[in-house]
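Input: a single structure, listed below in structure tokens.
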Amino acid sequence: MLDRTRNLPNHSHHAMHVPRTMFTAGIDRYGGPEVITAHALPVPEVDAGEVLIAVDTAGVGRWDADVREGLFASRKPHFPLVLGYDGAGIIVKVGSRVRRLKVGDEVYSYNWENPKGGFYAEYVAVPADKVAPIPKRLDLRHAGAIPITGLTALQGIDDALGLKKGETIIIHGASGGVGTLAVQFARLRGARVFATASGKEGVELVREMGAHAAVDGKRPDVHDHARRFAPDGADAILALAGGDGLERCLSVLRPGGRVAHPNGVEPAPKKRRGMTLIRYDGISGVREFERLNAAVQAAKLRVPIAESYPLPRASKAHERLAEGHVVGKIILAVHDRSV
Ligand SMILES: NC(=O)c1ccc[n+]([C@@H]2O[C@H](COP(=O)([O-])OP(=O)(O)OC[C@H]3O[C@@H](n4cnc5c(N)ncnc54)[C@H](OP(=O)(O)O)[C@@H]3O)[C@@H](O)[C@H]2O)c1
């Protein structure tokens with residue numbers, strides 16, 4: 001953990017002491033978890049509209065593995081490529097145009113495809129509008145686990161589905177990073193929540209998160225359980241896993257019902273007659289983080305962390321991710337250097 005008493009923030013200054021080089025976990029080529037290795041790299045410079053964050057916690061998600069494997073490879077990849085698209089930490093430097101944030105602020109951030117390197121690093125430079133103060137009720141470790149998953153969960157419930165009080169929702173694949181938060185946001189909006197999860201532990205977890213009913217979504221009779229919960233059909237479905245289980249859940253949607261899924265859910269559901277299908281991406285921005293902070297507070301959000309790895313063991317975290325059955329979210333503890 002960062003020693004928060006060290007470098008006590010002095011707000012009259014625009015910077016704290018920052019070393020020239022830093023430890024990062026990056027890749028020199030695309031491939032399996034083993035391609036993630038330690039790299040000592042220069043600490044990135046901040047442009048006028050950016051802040052430099054001393055990273056405390058970085059999120060690990062399946063999109064990190066996709067990038068590692070070269071799924072989004074550009075024609076001219078810039079190696080070494082430091083992975084990691086979200087996390088939390090303390091601002092140690094602000095660009096000359098930044099007014100909203102200051103040195104010493106505890107912040108969290110989601111910034112996709114950063115040419116200056118990602119969050120699997122001791123320091124990251126990001127545009128200030130992708131950064132926000134951490135929610136009051138979370139510490140850096142838990143805040144660092146939710147920028148991507150929290151924004152994606154909330155925008156799924158509020159923007160994609162427009163979920164209303166009293167409606168019935170099925171959240172399919174609720175035991176992972178996005179789903180455990182989506183269950184809580186759906187409850188916050190006053191919906192009745194049927195969650196499908198993976199395995200006994202997953203089912204237990206989503207019940208703890210507030211699902212009114214939960215079953216293993218890999219059961220062949222998952223739709224019978226859903227139908228019993230929603231005899232008139234579900235108003236909405238948030239799909240966080242694809243495949244047969246999802247197709248069974250879709251059969252329980254009422255005519256005119258809505259189905260939403262973030263891009264990346266595979267196989268993606270196909271549109272059926274009488275169904276509104278919404279595909280979306282989680283969006284990062286000032287307004288989006290204000291809404292997330294408000295929802296975290298109102299929901300008294302709980303953030304289940306499945307496992308935490310020190311930064312030098314980032315490749316182990318990816319091996320774990322590949323094994324599946326992660327209940328909650330995997331994070332990297334960047335300032336815990338014990339291996
Ligand atoms: N486009 C965007 O902006 C965006 C942002 C965030 C996430 N996403 C996408 O959204 C999806 C969810 O993300 P995530 O981070 O929450 O992933 P995750 O942590 O892997 O969660 C998915 C959960 O669904 C479970 N599951 C799989 N098959 C199931 C089934 N048949 N029934 C019930 N549960 C099942 C998984 O369990 P097992 O591991 O045991 O199978 C896992 O617990 C991913 O596809 C991701 O790529 C997109």
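For the numbers below, each heavy atom of this structure counts, side chains included, while hydrogens, waters and symmetry mates do not. Whatever order the structure lists ligands and atoms in, that order sets their numbers, starting from 1.
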NZ/NE/NH1/NH2 to OD/OE distance under 4.0 Å, Arg254 and Asp235: yes

Atom indices of ligand 1, in the order listed, that fall short of 4.0 Å to a heavy atom of Gly282: 2 (C), 3 (O)

Atom 43 (O) of ligand 1 - nearest protein heavy atom and its distance: Ser175 OG, 2.9 Å

Phe229 and Phe194 aromatic ring geometry - parallel, tilted or perpendicular at 30°/60° bounds: tilted

Element-labelled atoms of ligand 1 that are located less than 4.0 Å from some non-hydrogen atom of Gly176: 16 (O), 18 (P), 19 (O), 21 (O), 23 (C), 43 (O)

Leu52 side chain reached by Ile91 side chain, heavy atoms, under 4.5 Å: no

Numbered atoms and elements of ligand 1 in range of Gly217, under 4.0 angstrom, heavy atoms: 30 (C), 31 (N), 32 (N), 33 (C)

Sub-3.5 Å N/O-N/O distance, Gly245 and ligand 1: no

Asp281 N/O under 3.5 Å from ligand 1 N/O: yes

Heteroatom proximity flag, Ser198 to ligand 1, N/O under 3.5 Å: yes

Nearest protein heavy atom with distance in Å, relative to atom 41 (O) of ligand 1: Lys218 NZ, 2.9 Å

Contact check, side chains of Val103 and Val92, non-hydrogen atoms, under 4.5 Å: no

Close side-chain approach of Leu277 to His261, heavy-atom, < 4.5 Å: yes

Contact check: Leu240 vs ligand 1, nitrogen or oxygen atoms, below 3.5 angstrom: no

Shortest protein contact, atom 24 (O) of ligand 1 (heavy atom only): Gly173 CA, 3.2 Å

Test ring-ring contact (aromatic ring centres under 6.0 Å, His included) applied to Phe79 and Tyr30, step by step: CA-CA 10 Å; Phe79 292 122; Tyr30 298 120; 5.2 Å; yes

Nearest neighbour of atom 33 (C) of ligand 1 from the list Gly243, Ala197, Ala241, on a heavy-atom basis: Ala197

Protein contact to atom 20 (O) of ligand 1 [nearest heavy atom, distance to 0.1 Å]: Arg62 NH2, 2.5 Å

Ligand 1 N/O within reach of Tyr110 N/O, cut-off under 3.5 Å: no

Proximity to ligand 1 by part of Val265, non-hydrogen separation under 4.0 Å: both

Residues Arg141, Asp139: salt bridge by 4.0 Å N-O rule: no

Close aromatic pair by centroid cut-off 6.0 Å: Phe289 and Tyr108: yes

Heteroatom proximity flag, Trp63 to ligand 1, N/O under 3.5 Å: no

Atom 39 (O) of ligand 1: the protein heavy-atom neighbour that sits closest, reported with distance to 0.1 Å: His325 N, 2.9 Å

Side chain, backbone, both or neither: His261 near ligand 1, heavy atoms under 4.0 Å: neither

Charged N-O contact under 4.0 Å between Asp105 and Lys102: yes

Lys329 and ligand 1 - part of the residue with a heavy-atom distance under 4.0 Å: neither

Ligand 1 to Gly177 polar contact by distance, N or O atoms, under 3.5 Å: yes

Hydrophobic cluster membership, Tyr120 vs Phe72, 4.5 Å side-chain cutoff: yes

Shortest heavy-atom approach to atom 9 (C) of ligand 1 - which of Ile283, Asn263, Thr152, Val178: Asn263

Nearest-contact summary for atom 45 (O) of ligand 1 - protein heavy atom, Å: Gly264 O, 3.2 Å

Side-chain ion pair, Arg287 and Glu290, N-O less than 4.0 Å: yes

Contact check, side chains of Arg192 and Arg187, non-hydrogen atoms, under 4.5 Å: no

Modelled atom types, side-chain donor and acceptor of His172 and Thr196, under 3.5 Å: yes

Nearest non-hydrogen protein atom, atom 10 (O) of ligand 1: Pro262 CG, 3.4 Å

